[in-house]
Each structure stands twice: as C-alpha cells, then as structure tokens.
Amino acid sequence: MTTDLDSFEGRLLADLRAEVAERAAAGAAVPRRDGPGPGRRRVAAVLAAAATGPATTVAVPALVGPSPAYAVGEGPGGTIEVEIDRLEDAAGLEQALEEEGVAADVQYLGTDLQCQDDRYRDAPSAPGSRTTFEVGTGGLRVVLDRRDVVEGRTVVIAASTTSPGGVDENGIEDLGGAYGEVGIARGPVAPCEPEPNDSSL
C-alpha cells in the first residue's frame, strides 16, 4: 500500500478521520456501570467515505501503521491506560499488564470474528468506577480502575478487524474498521472459540 497522498487525498483522509472520530465520540466511549450486572462492552468503529466519483479511492485500514502495537502506563488517579494501535503481540500485551499487577486474557481474532459470549462471569464494578473502553480510527483505548482489577479478576480483551460493507443509501462507503470487546472476569476465563461477529452491537 502506498502512503504518498496528493493534496485532495490528504484532505479526504483528514475528513474521514474527523467523521469517524465524531461518530466514535458520539457513542463509542462506554463507561462501566456501578454494581453487578453485565460488565463487558462491545464496540465497533467503521471507516467511511462519501462516494465522490469514479476512480477516487483512499484505503484507510484500521489498526495498521508504524506506531508501536500497544502501550501500557499509569493514568490519572492511579488508573492504568492501555492503547492498542495494532492487533499484534497479544502475549506481549498480557505480559505488560501483568507487570502492572493485572491478569489479562488478550485475543486478536481473524476478520469479522468474536469470542463466544459465555467465556467468563462478569465482575461487578467498583462504586464510581473509572474503567472505560473506546474504539476508533486510532485503535482501542482502555482505562482500568485498579479497584476493578483486584486479585481473582482478569481483564478480557478480544478484538478483530471488520470487512468493508459497501455503500449505503446516503452514498457513504463502509471501508471496514475494528471491533472490540473488553470485560473484567471474576474467576476462570474459558478459551476463546471464535465465531462470526454479532452485528447487533
């Protein structure tokens, strides 16, 4: 894939990124709820382009590029921030989280796949939990409240790319994107059995 863009393509790419960021901000940031109940969250981000005429195509694949595959570090208020820029080195991300004292199960799946629903039991969130999860054009971002990831709990992350979906009735082309699921399990986590992605997010 070539990375040299002319000025029109550069503007189109900037517009696409702004549109996806706006869509992600409108609904992709998903805080955990207080108390017991379903704690896992699924979010998808789709790259889109307006159909502007013949032979005008800009490929903007999700979760690829020269940046590091992931980063783990301290966030405000003692939280742990996880940034996933590419779906590579799941074992390395698990190790980085372990070094922060967090047990993790990270799965990067094939295109349009997810793990089965019944892999683990959801742990309740701490009161006022600051754990959040977002997915967008820049990748996946997880903020973990340390009170949610105490001993006996496991952060479960599963992510995949999504296939392009064609052009909708408004002339917007779905260029594909990313799908992610984050949860915090109490007790054991069963192995992932990949299955077709559930489109009813």
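Nothing fancy with the numbering, it's 1 onward along the sequence.
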Charged N-O contact under 4.0 Å between Asp148 and Arg130: no

Non-hydrogen side-chain atoms of Gln107 and Asp105 separated by less than 4.5 Å: yes

Main-chain N/O of Val156 paired with Thr154 side-chain donor or acceptor, under 3.5 Å: no

Results of side-chain contact (heavy atoms from CB on, under 4.5 Å) for Ala96 - residues two or more places apart only: Tyr70, Val72

Straight-line distance of Cys115 SG to Glu181 CD, nearest 0.5 Å: 7.0 Å

For Arg141, all residues meeting side-chain hydrogen bond (donor to acceptor under 3.5 Å, both in side chains), sequence neighbours excluded: Glu81, Glu83

side-chain contact (heavy atoms from CB on, under 4.5 Å) against Pro164, all qualifying residues, sequence neighbours excluded: none

Other ILVMFWY residues reachable from Leu113 by side-chain steps of under 4.5 Å: Leu109

Intermediate values then yes/no, side chain to side chain contact (heavy atoms under 4.5 Å, CB included), Thr161 and Leu87: CA-CA 9 Å; Thr161 55; Leu87 302 185; 4.2 Å; yes

Within residues 89-102 or reaching into it, pairs that qualify as salt bridge (Lys or Arg N to Asp or Glu O under 4.0 Å) - sequence neighbours excluded: Glu100-Arg146

Considering all heavy atoms, the nearest Gln114-Tyr179 contact: OE1-OH, 3.2 Å

Set of residues satisfying salt bridge (Lys or Arg N to Asp or Glu O under 4.0 Å) with respect to Arg147, sequence neighbours excluded: Asp145

Where Ala185 and Ala123 come nearest, the two heavy atoms and their spacing: C-CB, 4.1 Å

Any side-chain heavy-atom pair of Val149 and Leu97 under 4.5 Å: no

Set of residues satisfying side-chain contact (heavy atoms from CB on, under 4.5 Å) with respect to Pro191, sequence neighbours excluded: none

Residues Ser163 and Thr111: side-chain donor-acceptor under 3.5 angstrom: no

Residue among Val182, Thr79, Val143 satisfying side-chain contact (heavy atoms from CB on, under 4.5 Å) with Thr132: Val143

